[in-house]
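Notes follow once the structure below has been shown.
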Amino acid sequence: MMENLKKLSRKNANGHAVDTQKLNFEQFKRIISTNIGLIAAAFRHQFIIPEFQDFSKEIEEIYWKCKENDSGTVASYIPQLKRMSPNYWGVSIVTIDGQRYSIGDVNIPFTIQSCSKPLSYAIALDLLGADVVHTYVGQEPSGRNFNELILDHNKKPHNPMINAGAIIICSLLKTMYNPDMSSAEKFDFTLNYFERLAGGQDLGFNNAVFLSERECADRNYALGFYMREHKCFPENSKFRECMDFYFQCCSLEANCEIVSVIAATLANGGICPISEEKVLKPESVRDVLSLMHSCGMYDYSGQFAFKVGLPAKSGVSGGMLVVVPNVMGMCLYSPPLDALGNSCRGVQFCEELVKKFNFHRYDNLRHASNKADPRKHKYETIGLNIVNLLSSAASGDLPGLRRHKLSGVDMKLADYDGRTALHLAAAEGHANCVEFLLKYCNVPVNVKDRWGRTPLEEAVAFGHTDVINLLQLWDEEASRNSKDHSDDGEPLIPEFVAKQDN
Ligand code: GLN
């Protein structure tokens, strides 16, 4: 659409900027025709987060709150990381429909470090299959530091999200998939995969970081040798090349905006929302998200899964890749790290996010709660609830009505004609539903629709004697106001209830 607009603007040459030129209806139609699906969805509020501007405002609020957090220290094991400003703080969001919001230092390049781990794991799954990959690496959280010298009881690395596991994943990619590729070719091949995950955007390579990583890698080499002793590497692995490949993946460089697209591709089952390219298989992405959920935040993974309940992966440079599956991907970037190696502001942001929104994996999406659901249109919930509620009442579906009540639906809701569930149940002669609505849902008996009709008048008009009796009895009792019916376990008309139950 923008291309079309530019073309037209060039042709018109009337001094108007591309996005302020005036179009007639025919031109407008022509210009949007190639993107009609996307534009129609936007105007109909059919994106995954329909009220995206409201949502972005909330994100901005959390952003400023976390900016005040000045705890943590910047990683200092190599000079290139030590130099990063502790003040950098950026947040970028991309939804699975390609809606984007960014705030703060989102264009500062940083090396992705451990955020590369879920990505190389994903590529290995896609190319080699989960069975092969998991003969070399486990799926358990290690309960230890990310670079601890430890293997599981099968003498395999615990999972692909810690250094030992990621080194083995790199060796699998290097040795088991197209082993004839040179190191340079394998690097290009992997970089290309990462870039496709990012919707075709360029990633950089920080050679100084790579050289420093390799220089200061005593622990990673120790891990490598320990694993070689235990035959963790696939046959024919070239040890040094595999280690280099791991350091290269850590030294790939991107910024918040770019990494957020990668996160969104993971949120979208492997299809990049920006380029619409299918980069990974959905089953590979599912496995990646599972392990990010249980192992992505080093030794804080258990607490993070408990408090935040979202798959995430942090890196030593302060980057964090967070996924809300089927909704959106985020990249958070702030260099100061806590004692466990996670970005302080990043972790705080996630905790604040799930306080506001029901994104925690185990948040209930149906029942009323004090958290907002940004997936829903403001009016959609009410509209859908009314339709469902009234259909249950009209068809005499008592279990359905019970379900609505248990889900926190307001049983007094009326449609645009002022018709309530009670009107419909009365008109259709569903006495059990009428009784339920009066007795357990506090629906007012004399509620009027827009023609001024009450449920009793409906029952009379259609000759439903049971319902007439019930409504009259209730009305009398209500006007006497002597009894609290909601606590009264006795049915109003015992014989009637027995009959219905049969
Ligand atoms: N380059 C780092 C290492 O291997 C990556 C680890 C991390 O980000 N925590 O030690």
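Just so you know, these numbers come straight off a predicted model, no measurement behind them. Whatever order the structure lists ligands and atoms in, that order sets their numbers, starting from 1.
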**OP:** Tell me whether the guanidinium CZ or amine NZ of Arg345 lies under 6.0 angstrom from the six-membered ring centre of Tyr63 and within 45° of its axis.
**Re:** no
Can you tell me if [X] and [Y] form a side-chain donor-acceptor pair at under 3.5 Å?
{"X": "Asn69", "Y": "Ser71", "result": "yes"}
{"X": "Lys117", "Y": "Ser114", "result": "yes"}
{"X": "Glu253", "Y": "Asn206", "result": "yes"}
{"X": "Glu213", "Y": "Tyr77", "result": "yes"}
{"X": "Asn147", "Y": "Asn163", "result": "no"}

Subject >> For the student: nearest non-hydrogen atoms of Gln80 and Val209, plus distance >> reply: CB-CG2, 3.7 Å
Which of the numbered atoms in ligand 1 are below 4.0 angstrom from a heavy atom of [X]?
{"X": "Asn220", "value": "3 (C), 4 (O), 10 (O)"}
{"X": "Gly315", "value": "8 (O)"}
{"X": "Tyr77", "value": "1 (N), 2 (C)"}
{"X": "Val316", "value": "7 (C), 8 (O), 9 (N)"}

**OP:** Run the salt-bridge test on Glu61 and Lys356 with the 4.0 Å N-O cut-off and return the result as yes or no.
**Re:** yes
**OP:** Could you check atom 8 (O) of ligand 1 against the protein and tell me its nearest heavy-atom contact, residue, atom and distance included?
**Re:** Ser114 OG, 2.6 Å
Original post:
Which protein heavy atom lies closest to atom 1 (N) of ligand 1, and at what distance to 0.1 Å?
Top reply: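 Answer, as residue, atom name and distance: Gln113 OE1, 2.5 Å.
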Would you check whether [X] reaches within less than 4.0 Å of ligand 1, judged by its heavy atoms?
{"X": "Tyr298", "value": "yes"}
{"X": "Met161", "value": "no"}
{"X": "Gly341", "value": "no"}

**OP:** Compare Asn147, Asn163, Ile78 and give the one whose heavy atom is closest to atom 3 (C) of ligand 1.
**Re:**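 Heavy atom nearest to atom 3 (C) of ligand 1 belongs to Asn163.
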Subject >> Under 3.5 Å: N/O of Lys117 near N/O of ligand 1 >> reply: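 Lys117 vs ligand 1: no N/O contact under 3.5 Å.
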Original post:
Quick one: does Tyr246 get an N or O within less than 3.5 Å of an N or O on ligand 1?
Top reply: yes
**OP:** Mind checking whether Arg219 contacts ligand 1 via backbone (N, CA, C, O), side chain (CB onward), both or neither, at a 4.0 Å heavy-atom cut-off?
**Re:** neither
Original post:
Which word best sums up how the rings of Phe210 and Phe205 line up, parallel for under 30°, tilted for 30 to 60°, or perpendicular for over 60°?
Top reply: tilted
